[in-house]
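Both backbone and side-chain heavy atoms feed into the values below; hydrogens, waters and symmetry mates do not. Lettering of chains follows the sequences in order, A, B, ..., and the numbering in each one begins at 1.
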Amino acid sequence: MVIENPSATGASHDDAERYDFQAIQDKWMPIWEDLKPYQSDIEGDKRPRKYVLDMFPYPSGDLHMGHAEAYALGDVIARYWRQQGFNVLHPIGWDSFGLPAENAAIKRGLDPREWTYDNIEQQRTSMKRYATSFDWDRVLHTSDPEYYKWNQWLFLKMYEKGLAYRKASWVNWDPVDQTVLANEQVLPDGTSERSGAVVVKKKLTQWYFRITDYADRLLDDLRQLEGSWPAKVIAMQRNWIGRSIGADVDFTIEGRDEPVTVFTTRPDTLYGATFMVVAPDSDLAQDLVASGPSDDVRRRFATYLADVQKSSETERQATDRPKTGIFLERYAINPVNGERLPIWAADYVLADYGHGAVMAVPAHDQRDLDFARAFDLPIRIVVDTLQPVTGAIPVLQGDELPDDWPSDINEINPAKTGLALAGEGRLINSGPLDGLSKSNAIRKIIEILESAGTGRPAKNYRLRDWLISRQRYWGTPIPIIHGADGAEYPVPEDQLPVLLPPTEGLNLTPKGTSPLGGAEDWVNVPNPVDGSPALRDADTMDTFVDSSWYFLRFLSPNDETKAFDPREVDKWAPVDQYVGGVTHAILHLLYARFITKVLFDLGYVSFTEPFSALLNQGMVLMDGSAMSKSKGNLVRLSDQLDEHGVDAVRLTMAFAGPPEDDIDWADVSPAGSAKFLARAWRLVGDVTSSPEVNWRDGDRALRRVTHKFLAEAPGLIESFKFNVVVARLMELVNAARKAIDSGPGGGDPAVREAVETVALGLSLFAPYTAEDMWARLGYEPSIANYGWRGADASLLTEETVTAVVQVDGKVRDRIEVSPKIDGAALEEAARALPSVARSIGDREVVTVVARAPRLVNFVTKPAS
RNA sequence: GCCCCCAUAGCCCAAUUGGCAGAGGCAGACGACUUAAAAUCGUCACAGUGAGGGUUCGAGUCCCUCUGGGGGUACCA
């Protein structure tokens, strides 16, 4: 509020000098709406292109502080490249399919469409108020039939290539949301990332994308991203894919025709195998139990299996759980020495990793050892790991061990210590492998197995195929028709999209099968081949499918004939800079990378990585923890915007620290940001020169500060040091203020130059304030379309610099020298200083380290 | 358990990549303006860089060990 002071003669002047963020926002928002300064598809635009993409939001209610941070930072980058003369594509849309809409709709008895599009409208309004520089002509919503039609197209392309398939398998089942979940949606504690319910296993026939076919490429191509993606994200993806290198070994089974193949990373320990373990819930276990063992074992196995399946994921993952298992009364034959190995079923072996069976080497694997000790099975050491190798690690270098290698095996006998010997060592008890180091033994045993035809090198991945079907309404229908003959018939492309049926008459309440199945008119269709009665697939796709290619749709969002226009893709893609939360470090980014590689293989795009550079912003916390209503520490964005203004909130986001760090809202000061903006804005009122003045005539000291900023800011922005740029802007504002109040005064051309530079710099962070300053400085809107100014190199070199004079590394004096001084001259000048002579005293100078013009260091020793 | 990151002033954070530990801000103290307050302007104080060792003429920065905090992943054979 402006408080009138009737006694002041310059009341109107005071009014004008009052920084009123609300008035400034109200003034410029409609003008920008009209000017559209951020359009990116202008015909004949010759500027080089940049594609700056923010992760699009899910429309759950209004924007929150997290959005405010992400979009402020993404906007700095987009505005920066625009200012650097690039044609910037900075689009926005909504990831608008998904469970929250459906759950909210069920709760309130609404159509999910209504809830979704109302929220989108609210977010759109907030984003515009927030001055995000999006190109509003390219908006997409994944829940629009115009969008999800192309999800279906993508599905069909993958189906044709065999990359989309259906299989029955034990899947993660969320008993609250009543739907299956991808592995990626189950948290480490075994609960659903969405509902928080404890996930259980259920055997269901579901649709999968064959992402494991791409595991090697997804892993190896990460190397291309090093340096441009946060190392943390790359590490997380590597971890998630989890490639293990080893060998497959075939074991013949007594009384069975087919051998059992096991995967192992330690084929060198094959001679130490004393039993075999199969996953109880595997088909293999079923098969082994079906014939051979006694009825008693069969019964006990059935009980065991039932127990295993009842146990929750959480229980099963507790690593300190005692080992359990059942001997199946079957035997495997070790291919290298013909030994009979008893076969057990135990739940520490997973059905869906490797082949669901392992060769157990208790001496060298902790899990096998725990099991062997629990069931009194033999333990045979085949690697002598005594004296953990230090220093030169001789066993890694060759086959010979030092002569003094001690071999008192009893001291480390796993049977006694309970500790498996996993380390380096020399092979023993292993026939042809004896004496070899671990790595050499691995190489040799694989050769032996290969020539015998009983083994081969193999790789395995932690990554599983991507389960994409969901038993819910608010998603993309899967474009498959199931014939009466049980076969799958893809919906012909010209019949896309398969529209979601209206919600009227449907019961959306989760019940374990898709609500779409209840839409009689929709689900019953003629077989596309022969017209016989058939049923639509009633499942919908995981919404991560939607977001796995949306960055391509932005390039031609209104194209009705194809998913994306290859000419536009060539122009813009891949994304130059992607900005979003680290919460998507695995899921979304892995899926988008996968789909990009698929599209590359199908010939639709010419690149294999979708996002050339990635910036992960941190989270916005309050009092040390994530904001939530239940914790009572929620800070409402709209309140912050009302109180401090859009620009102050945006500036605070940029200034709080490095963008990838979390911001604790309790530690930062939007009021301080507002104060700074007001201070910057008020500078304009003190600029009394006209826009035509010649800056060269201005005060040199202030000009130097201005040009130092002009020189430094671009590099800082490009390395995401937004907080430092803001600090530099504050310095520049302080310098300009000083020049006005106690220097050459507001009429000096350097003051205008400095203030204009402040406006240009500020336009990245505080667009309203900057635009208003720009107008008051005498320019036409929009400041977003004025380029950056180059620094004048002649103003960057100081006339003198301060050189530090050290004696034995301690600072003893400082001298002002020319920046062009050479080492000898610097040394000479320093030596002449009385302080230096005093410090050296009667000691002898041994070396002089001169780093002109900054530093000279006299290194001394006592006089001899 | 394994892998990764971080630690600088009361607080948030800088430090030209091995060269004077401090750019900026918050909070604080004092002063100017004011009848007073707010706003504004100005001045000031505060750490030797989590601990220990090493390399170096010189270490916040590089190496090793440890402590504390954060993250990822985990019967994945």
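For A/Arg831, the salt bridge (Lys or Arg N to Asp or Glu O under 4.0 Å) partners two or more places apart in sequence, or in a different chain, are A/Glu827. Not counting sequence neighbours, A/Asp667 has no partner by the side-chain hydrogen bond (donor to acceptor under 3.5 Å, both in side chains) test. Checked against side-chain hydrogen bond (donor to acceptor under 3.5 Å, both in side chains), A/Glu816 has the following partners two or more places apart in sequence or in another chain: A/Thr800, A/Thr802. Partners of A/Val336 according to the side chain to side chain contact (heavy atoms under 4.5 Å, CB included) rule, which considers only residues two or more places apart in sequence or in another chain, are A/Leu270, A/Tyr271, A/Asn334, A/Ile445, A/Leu449. Checked against side chain to side chain contact (heavy atoms under 4.5 Å, CB included), A/Ala372 has the following partners two or more places apart in sequence or in another chain: A/Phe275, A/Pro362, A/Leu377, A/Ile379. Looking at residues two or more places apart in sequence or on another chain, you find a side-chain hydrogen bond (donor to acceptor under 3.5 Å, both in side chains) between A/His355 and A/Asp248. Scanning for side-chain hydrogen bond (donor to acceptor under 3.5 Å, both in side chains) contacts around A/Thr583 gives an empty result, with sequence neighbours left out.
Look at the C1' atom in both B/rU17 and B/rG58: the space between them is 15 Å, to the nearest Å. Nucleotides B/rC63 and B/rG18, compared at atom P, are 11 Å apart to the nearest Å. Nucleotides B/rA21 and B/rA59 are separated by 10 Å at their P atoms, to the nearest Å. B/rA23 and B/rC13 have their C1' atoms separated by 10 Å, given to the nearest Å. Comparing the P positions of B/rU49 and B/rG70 gives a spacing of 24 Å, expressed to the nearest Å. Taking atom P in both B/rA29 and B/rU34, the straight-line distance is 23 Å, to the nearest Å.
A/Thr265 comes within 4.0 angstrom of the backbone, heavy atoms only, and of no base. Within the nucleic acid shown, A/Gln366 has no heavy atom closer than 4.0 Å to any nucleic acid atom. Nucleic acid contact class of A/Asn734 (heavy atoms, under 4.0 Å, all strands): sugar-phosphate only.
Glycosidic conformation of B/rG48: syn, with the torsion inside 90° of 0.
Per the geometry, CG belonging to A/Asp352 stands 9 Å off C1' belonging to B/rC76, to the nearest Å. One atom, NZ of A/Lys708, and another, P of B/rG24, lie 10 Å apart when rounded to the nearest Å. Atom-to-atom, NZ of A/Lys459 to C1' of B/rA77 comes out at 18 Å; the value is rounded to the nearest Å. What separates CZ of A/Arg851 from C1' of B/rG58 is a distance of 10 Å, to the nearest Å. Atom CH2 of A/Trp240 is separated from atom P of B/rG72 by 11 Å (rounded to the nearest Å). Distance CG (A/Leu350) to C1' (B/rU73): 14 Å, rounded to an integer number of Å. In this structure, the NE2 atom of A/His584 is 18 Å from the P atom of B/rG71, given to the nearest Å. Whole-Å rounding puts the A/Ile586 CD1 to B/rG71 C1' distance at 11 Å.
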What string of B, S and - do you get for nucleotides 9-14 of chain B, 5' to 3', if B is base contact, S is sugar-phosphate-only contact and - is no contact with any protein heavy atom under 4.0 Å?
-> --SSSS

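By the 6.0 Å and 45° rule, A/Lys323 stacks over the aromatic ring of A/Tyr348.
The salt bridge (charged side-chain N to carboxylate O under 4.0 Å, His left out) pairs that include a residue from residues 228-242 of chain A are A/Glu226-A/Arg238, where partners are two or more places apart or lie in different chains. For residues 360-369 of chain A, the pairs satisfying salt bridge (charged side-chain N to carboxylate O under 4.0 Å, His left out) are A/Asp365-A/Arg367, with sequence neighbours left out.
When the shell of 6.0 Å around CZ of A/Arg854 is examined, it contains 12 or fewer heavy atoms from other residues, nucleotides or ligands.
With B/rG72, B/rC75, B/rC20 as the candidates, the nucleotide lying closest to the side chain of A/Arg367 is B/rC75. Among the nucleotides B/rA23, B/rG72, B/rA74, the one closest to the side chain of A/Arg462 is B/rA74.
Here B/rC2 sits opposite B/rG72 as a Watson-Crick or G-U wobble pair (both hydrogen-bonding atom distances under 3.5 Å).
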Could you write out each protein N or O paired with an N or O of nucleotides 37-41 of chain B at a distance under 3.5 Å?
unit_1: B/rU40; atom_1: O3'; unit_2: A/Arg682; atom_2: NH2; d: 2.9
unit_1: B/rC41; atom_1: OP1; unit_2: A/Arg679; atom_2: NH1; d: 2.5
unit_1: B/rC41; atom_1: OP1; unit_2: A/Arg682; atom_2: NH2; d: 3.2

Where do N or O atoms of nucleotides 3-6 of chain B meet protein N or O atoms at under 3.5 Å, pair by pair?
none

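Side-chain atoms of A/Asp647 and A/Phe21, non-hydrogen and from C-beta on, never get closer than 4.5 Å to each other.
Remark: the A/Arg679 side chain and the A/Asn734 side chain contain an N/O donor-acceptor pair separated by less than 3.5 Å.
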